[in-house]
Amino acid sequence: MKVLYKIFLILFFSGFVNSLFGQNVENCFLEDFELKTATLPPYEDVEKITDTEAVTVTVNSADTLGKISKYIFGNAIAVWMSDNVNNTTVRNYLSKLNLSHIRFPGGSWSDIYFWNGNPGDLPNTIPDGQNNGAPISLYPQFGPTHVNTPDVYYDMRDKLGTQGLITINYGYARYGLSEKPAEQAAHLAADWVRYDKGRTKFWEIGNENAGPWEAGFQIDTTRNKDGQPEIITGELYGRHFKIYCDSMRAAAAEVGATIYIGGQLIQYDGTNSWNIAEHKWNEGFLKEAGSLADFFVIHNYFGKSSITLRLQIESAKTEINNNINFVRQDMVAKGIPVKPVALTEWNCGGPDEAKTSIANGMQAVVVFNEMIKNNFGLSARWLVANWEADGLLYIGNNSSIPKWTPRPDYFYLFYLNKFTGDHVLSTVVTGSNDILAYASKFSSGEECVILANKSKTDKVVKIDPKDFSTGDKYFVYSLVGEEATDFAQTVMVNDEGPGSNEWGPFSVLETIPAKAYPSADGIKVYVPARSVQYIMLTSKSTSVGDGNNAGGLNNFYLAQNYPNPFNPVTKIKYSIPVKTRHSTAGGSSLQNVTLKVYDILGNEVAVLVNEEQPAGEYEIEFSAKSGDVNKLASGVYIYKLQTEKYSASRKLILIK
């Protein structure tokens, strides 16, 4: 009876946690949760769709599944990249994705990486966990000797305005030759925290350390001086995790910083795994240090050997849900308070043809949205740039393709953040199993729906938003492969194809208009085979004119500056609404309006508008060449529009 009762509690609490997990007040990823204002896209009016729908997507606007963590949209850079990623081109491309954070210094290299140089107590060889412990060279990597040093990483983040996730070397706690290798490794981590001086909020201890491919999985016990076992266990990792936490948090306190530390879990039942380290990994770690972790870390590469686009998407959807359900149920089963989960390394698992195709982009859209639905706290997709196999940007050996050219998945992510609000909504799809639907809402009133068609058949989909007053128009971007194949290597956006040596229409990407449909007779969308549709539904409170997106006289609106990043001139559009009848009775219709620019520390650097203005639409030019503004350094700045009743702010990026 006790067993049945325990099973009931696990199932009950895991379901409860899954639905409300994003609302957890102790979720470190929601500590600085921000409401989002939708940016209406440039658009062209098109005729309404009259075809009969075969599929209906019901959006339950009143059914909020949770807040959306802004740290979902992260990526990673690796120190082994021989090219300096902190360059104008890369920053320009990444700024268009609105990344929330960047992981550093890499994956498995994190466990042989020494951020400030050689600590002096390293072995020449370590046992190879994948080859029965045969000795292999350690190949330690020293931060100052690489192009992408910690300071380069910090400078890149400063210029992009992103937060960070640093993966600390845990392997050193195992193979280090000092008298107390775990303490020595923790001291090295603490020194990095001191050097960081509060610039980085999120830290994780080690990378995939239960894997035989990781340095430190297996050690030479004849050289170890503190009695560690040959093969790592979760319990040992937990004991060492406590040492790291103590040292790193003390260092953070010294520099007046707050940091959050994540520990690794296995995202499936490893009891009968071929890998002995996984058998009791979660049990051992959670027993020793589960209460000390601020969040838990998992990794996955989705799809792996799936040979069709459909299987790439379906396997990813299934796996990410299985992963989060298992981890949360395991926390409850082992008596640990449920904490946020971060997927700090993930991508398409192959085959290689899929990694560089539209299938990777579509899979990424599905994984991101499934994480949002399941209230993940953070993710860091792998990788900003890579050679022939994957990576958002290309740095391969084909000289005919310009370095840093965006791959197909870049284009899917370009729209994803823009069409994701601050709260996730529930959806129901009827009429087909081929369509996946995700929805969210913005604090400014708009709702966005993202549809993925994993089939080889075109669909017409009707969207039925419940408890939502739809505005006059809805906007659509359609992304589909240029070729009608599962692993098409080029992508089109609203029928705009790639230019020369491009995998998508990057050279015109920011000028491609959305298709604006009238919503008077309902909301219908063409969903081609193997495509993703990004749909923005305006609300009754959103005033939209004909053929433009500048807002209206009944709507307060601050547009994203264009171009962005810029050098030296950019333009900012905004609209001021008419005062209410009550507020204008017997008084002026003019309003006090300010538009100011601030640096990231909050210091005012420019005043663009400071006057009374009537309701209307305005465009202001900001030049970084005039007056004192000419002294501004490259980086992220904030511009803020303020009226008597409303305020809004956005980021702009100056690159000199």
Side-chain angles (χ1 to χ4, degrees), residues 76-82 103-148 167-186 188-189 204-237 240-241 244 264 266 270 273-279 281 297 299 301 304 344-345 347 349-350 352 382-383 386-390:
I77 60 175
V79 293
W80 47 254
M81 296 166 57
S82 58
R103 183 185 180 218
F104 181 85
S108 294
W109 267 37
S110 300
D111 285 314
I112 56 173
Y113 182 77
F114 299 87
W115 72 275
N116 59 353
N118 191 338
D121 59 346
L122 302 176
N124 293 323
T125 63
I126 58 172
D128 183 355
Q130 298 185 93
N131 189 23
N132 298 316
I136 56 172
S137 296
L138 176 62
Y139 292 120
Q141 305 299 317
F142 307 122
T145 66
H146 285 275
V147 172
N148 296 298
T167 308
I168 288 296
N169 184 339
Y170 170 70
Y172 180 40
R174 293 273 290 143
Y175 57 70
L177 300 180
S178 67
E179 295 293 329
K180 296 182 177 180
E183 285 82 351
Q184 178 69 12
L188 181 66
E204 58 181 348
I205 308 303
N207 176 84
E208 300 176 8
N209 292 103
W213 51 87
E214 289 295 314
F217 171 85
Q218 185 174 0
I219 63 170
D220 182 349
T221 56
T222 65
R223 306 190 71 186
N224 173 258
K225 297 178 181 177
D226 66 348
Q228 294 187 39
E230 181 181 13
I231 304 296
I232 194 172
T233 67
E235 184 176 353
L236 178 70
Y237 174 74
H240 289 170
F241 186 88
Y244 274 88
Q264 304 168 47
I266 304 300
S273 171
W274 59 269
N275 177 6
I276 189 173
E278 293 181 342
H279 289 184
W281 181 275
V297 170
H299 287 182
Y301 282 79
K304 298 186 174 67
T344 65
E345 185 174 321
N347 204 318
D352 285 350
W382 187 264
L383 180 68
N386 209 340
W387 296 307
E388 308 300 333
D390 59 12

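Scope of the values below: all heavy atoms of this structure, side chains included, with no hydrogens, waters or symmetry mates.
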Inset, instruction - For R103 and T167, test the side chains for any donor-to-acceptor distance below 3.5 angstrom and give the result as yes or no. - result: yes
Legend entry - Closest non-hydrogen atom pair between N169 and Y244, with its separation: O-OH, 2.8 Å
Inset, instruction - Output yes when a side-chain donor or acceptor of N148 lies under 3.5 Å from a complementary backbone atom of V79, and no otherwise. - result: no
Inset, instruction - Could you go through the side-chain contact (heavy atoms from CB on, under 4.5 Å) check for L383 and N347 one step at a time? - result: CA-CA 8 Å; L383 180 68; N347 204 318; 5.8 Å; no
Legend entry - For A210 against A277, the heavy-atom pair lying closest together: O-CB, 3.8 Å
Legend entry - side-chain contact (heavy atoms from CB on, under 4.5 Å) partner of P123, chosen from D121, I126, T125: I126
Inset, instruction - Answer yes if the side chains of S178 and Q184 hold a donor-acceptor pair under 3.5 Å, and no otherwise. - result: no
Inset, instruction - To the nearest 0.5 angstrom, please state how far the CD atom of Q218 sits from the CG atom of N131. - result: 9.5 Å
Inset, instruction - Report the distance from atom OG1 of T233 to atom CD of E278, rounding to the nearest 0.5 Å. - result: 13.0 Å
Legend entry - Check: Q228 side chain, A182 main-chain N or O, donor-acceptor pair, under 3.5 Å: no
Legend entry - Main-chain N/O of I205 paired to Y237 side chain as donor or acceptor, under 3.5 Å: yes
Inset, instruction - Would you check if the side chain of W115 reaches a backbone N or O of L188 as a donor-acceptor pair within less than 3.5 Å? - result: yes
Inset, instruction - Please round to the nearest 0.5 Å and tell me the distance separating atom NZ of K180 and atom CG of D226. - result: 9.5 Å
Legend entry - Heavy-atom pair of closest approach, residues P119 and Y172: CB-OH, 3.4 Å
Inset, instruction - Evaluate whether atom CD1 of I276 has more than 12 neighbouring non-hydrogen atoms of other residues, nucleotides or ligands under 6.0 angstrom away. - result: no
Inset, instruction - Please determine which of H240, Q264, R174 meets the side-chain hydrogen bond (donor to acceptor under 3.5 Å, both in side chains) test together with N209. - result: Q264
Legend entry - Separation between CD1 of I219 and CG of N224, rounded to the nearest 0.5 Å: 4.0 Å
Inset, instruction - State, to 0.1 Å, how close G176 and P181 come at their nearest heavy-atom pair, and which atoms those are. - result: O-CB, 3.6 Å
Legend entry - Check: W109 ring centroid to H146 ring centroid under 6.0 Å: yes
Legend entry - Separation between CG of N118 and CZ of F142, rounded to the nearest 0.5 Å: 3.5 Å
Legend entry - Closest non-hydrogen atom pair, L122 against Y175: CD2-CE1, 4.0 Å
Legend entry - Residue pair Y170 / E214, side-chain donor-acceptor N/O under 3.5 Å: no
Legend entry - Heavy-atom pair of closest approach, residues A189 and I168: CB-CG2, 3.7 Å
Inset, instruction - Measure from the side-chain N and O atoms of Q141 to the backbone N and O of Y139, and report whether any donor-acceptor pair falls under 3.5 Å. - result: yes
Inset, instruction - Evaluate the criterion side chain to side chain donor-acceptor pair (under 3.5 Å) for residue pair E230 and T221; output intermediate values, then yes/no. - result: CA-CA 6 Å; E230 181 181 13; T221 56; 6.0 Å; no
Inset, instruction - Using modelled atom types only, decide if a donor and an acceptor are shared between the side chain of S273 and the backbone of N275 within a distance under 3.5 Å. - result: yes
Inset, instruction - Indicate yes or no: at least one non-hydrogen side-chain atom of N207 is less than 4.5 angstrom from one of H299. - result: yes
Legend entry - Parallel, tilted or perpendicular: rings of Y113 and F104 (30°, 60°): perpendicular
